[in-house]
2 protein chains.
Amino acid sequence: MTLHEAFRTIPDHRQPTCAAWASAPSPGSLQPVFIPAGAGIYAQGEKSDRLYQVEFGAVRVYRLFADGRRQISAFHLCGEVFGFEAHSTHHFFAEAICATGIRMLRTSPHRNGLADELLPVALQGLARAQEHLLLLGRQNAAERVAAFLIEMSERQGGLDTVELPMSRTDIADYLGLTIETVSRVLSRLRQKGIISLPALRSIEIVKRSALRDMAA
Amino acid sequence: MTLHEAFRTIPDHRQPTCAAWASAPSPGSLQPVFIPAGAGIYAQGEKSDRLYQVEFGAVRVYRLFADGRRQISAFHLCGEVFGFEAHSTHHFFAEAICATGIRMLRTSPHRNGLADELLPVALQGLARAQEHLLLLGRQNAAERVAAFLIEMSERQGGLDTVELPMSRTDIADYLGLTIETVSRVLSRLRQKGIISLPALRSIEIVKRSALRDMAA
DNA sequence: CGCAGGTTTGAGCACCCTCAACGAATGTGG
DNA sequence: CCACATTCGTTGAGGGTGCTCAAACCTGCG
């Protein structure tokens, strides 16, 4: 199976790259571009000469294996900058999870002081990747889900009600689990009264301390 | 169990921070410092205001969980720069795997053009972390070990004989496996004639293509 | 109301971990 | 130089966590 064939097996994928790019004013523009749910922002193998900032909505960045396995390396929420991928070509796919607005940032190679702005952003990405690494390498299913809920809550201002823009499949592919395991862990957390599920993609953290203890 | 107690449970740890620092000329010096095998270079919680370059030897960077679990986030071999950890305090431990020479690089906050030098190094670290993430999230034991051997070979110039400075325990904690599983996979690779083991920490890649196919 | 996609729940199994014993290599002291 | 201790690595048996396969259940939407 080629990568492209495998690509089609992901059910919620619609387009390899977003058609909206065609109607974008001009590269380097600071105008936000609208990306419909499921549409691609960039693809593995494409040239990478820009950065992207989420204006509203959410983005998933992932790698696809030849046999269809998928690993999401990061979610990007409102305000966050992404698109760093060393070298000059992308090694990951980026897609809008839901209806999303993206602001493009040109990365002209040697603009004065550009590296000073980029370095902190790159370092935050590095720190996130390192934390994620620990989770994938040494935590069990319950710990992963608990850590994910805490992370999402904190990235949304620490509120007790967390709105998840992504599907269970996305969560599973982010945490290195299966959708069934994610669902089972959430059910068990609900049974224990640690969380409640007001809606499918809305989670209320009832006992944050218990969740914190699990995530460690 | 406190982190400090857990710290003691790691058998091959000798000192929290290397005594050699005391005898180092002055911070910011470009003189290499010798670190004996197993000695610490920096510790979780310490202030981080320097970068480090491996002159010879090898370094492991890891996080310790309260219950003793360990995840090595990266190995650093000769020539590589490490020590990036966002914020101002370290969130990981760094130790010499074997007798190692370290060159310290001062990171004065706003030296002109410093970010231009640092950004490529940070981006390489980010790329490595992202690749490692895929491995930990979606690959099975055999794939992880195969990928590790390929990675080590390529980082040592692509030679067929790979010298591993680290123990099986280190490999296991890097790959998110147990030492027994690592050992079993290596034995199976040897039985299949894909590798041979001239010495305990020396591995010869006999069928590189087969190894590549497994790692994918 | 019926369909489709997403989610939940269950039963069985596979892979990897745990526990344990053995073997090999290295260093130390007699 | 050898006996011994210690650490590291290998191999085996058994068990548990999470995956696979499958079916039922929502929920939004035409």
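In what follows, every chain begins at residue 1, and chains take the letters A, B, ... in the order their sequences are listed.
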DNA chain D nearest-nucleotide lookup for E180(A) and A142(A): closer to the 5′ end is A142(A)
Whole angstroms only, please: what is the CD-P distance between Q139(B) and dC16(C)? 12 Å
Please report the closest heavy-atom contact between S48(A) and H90(A), naming both atoms and the distance. CB-NE2, 3.0 Å
Taking the ring of Y42(A) and the ring of Y52(A), is the distance between their centroids below 6.0 Å? yes
Just to confirm, is there a sub-4.0 Å distance from OP1 or OP2 of dT11(D) to any side-chain nitrogen or oxygen of S187(B)? yes
Proximity of H132(A) and Y174(A) rings by center, below 6.0 Å: yes
Considering every strand and a 4.0 Å limit on heavy-atom distances, what is the contact class for L177(A): base, sugar-phosphate, or nothing? sugar-phosphate
Between L159(B) and V162(B), which heavy-atom pair has the shortest distance, and what is it? O-CG2, 4.2 Å
With nearest nucleotide decided by heavy atoms, which residue, A141(A) or L200(A), maps closer to the 5′ end of DNA chain D? A141(A)
Contact class for R190(B) (heavy atom, under 4.0 Å): base, sugar-phosphate, or nothing? sugar-phosphate
Suppose we call a contact any N or O donor and acceptor under 3.5 Å apart; does that hold for the side chain of R184(B) and the base of dG12(D)? yes
What nucleic acid atoms does R201(A) come within less than 4.0 Å of, heavy atoms only: base, sugar-phosphate, or nothing? sugar-phosphate
Grab the CG-P distance between N140(B) and dG18(D) for me, whole Å please. 17 Å
With a 4.0 Å cutoff (strictly under), does any side-chain N or O of T178(A) reach OP1 or OP2 of dC19(D)? yes
Presence of T181(B) side-chain N/O under 4.0 Å of dC17(C) phosphate oxygens OP1/OP2: yes
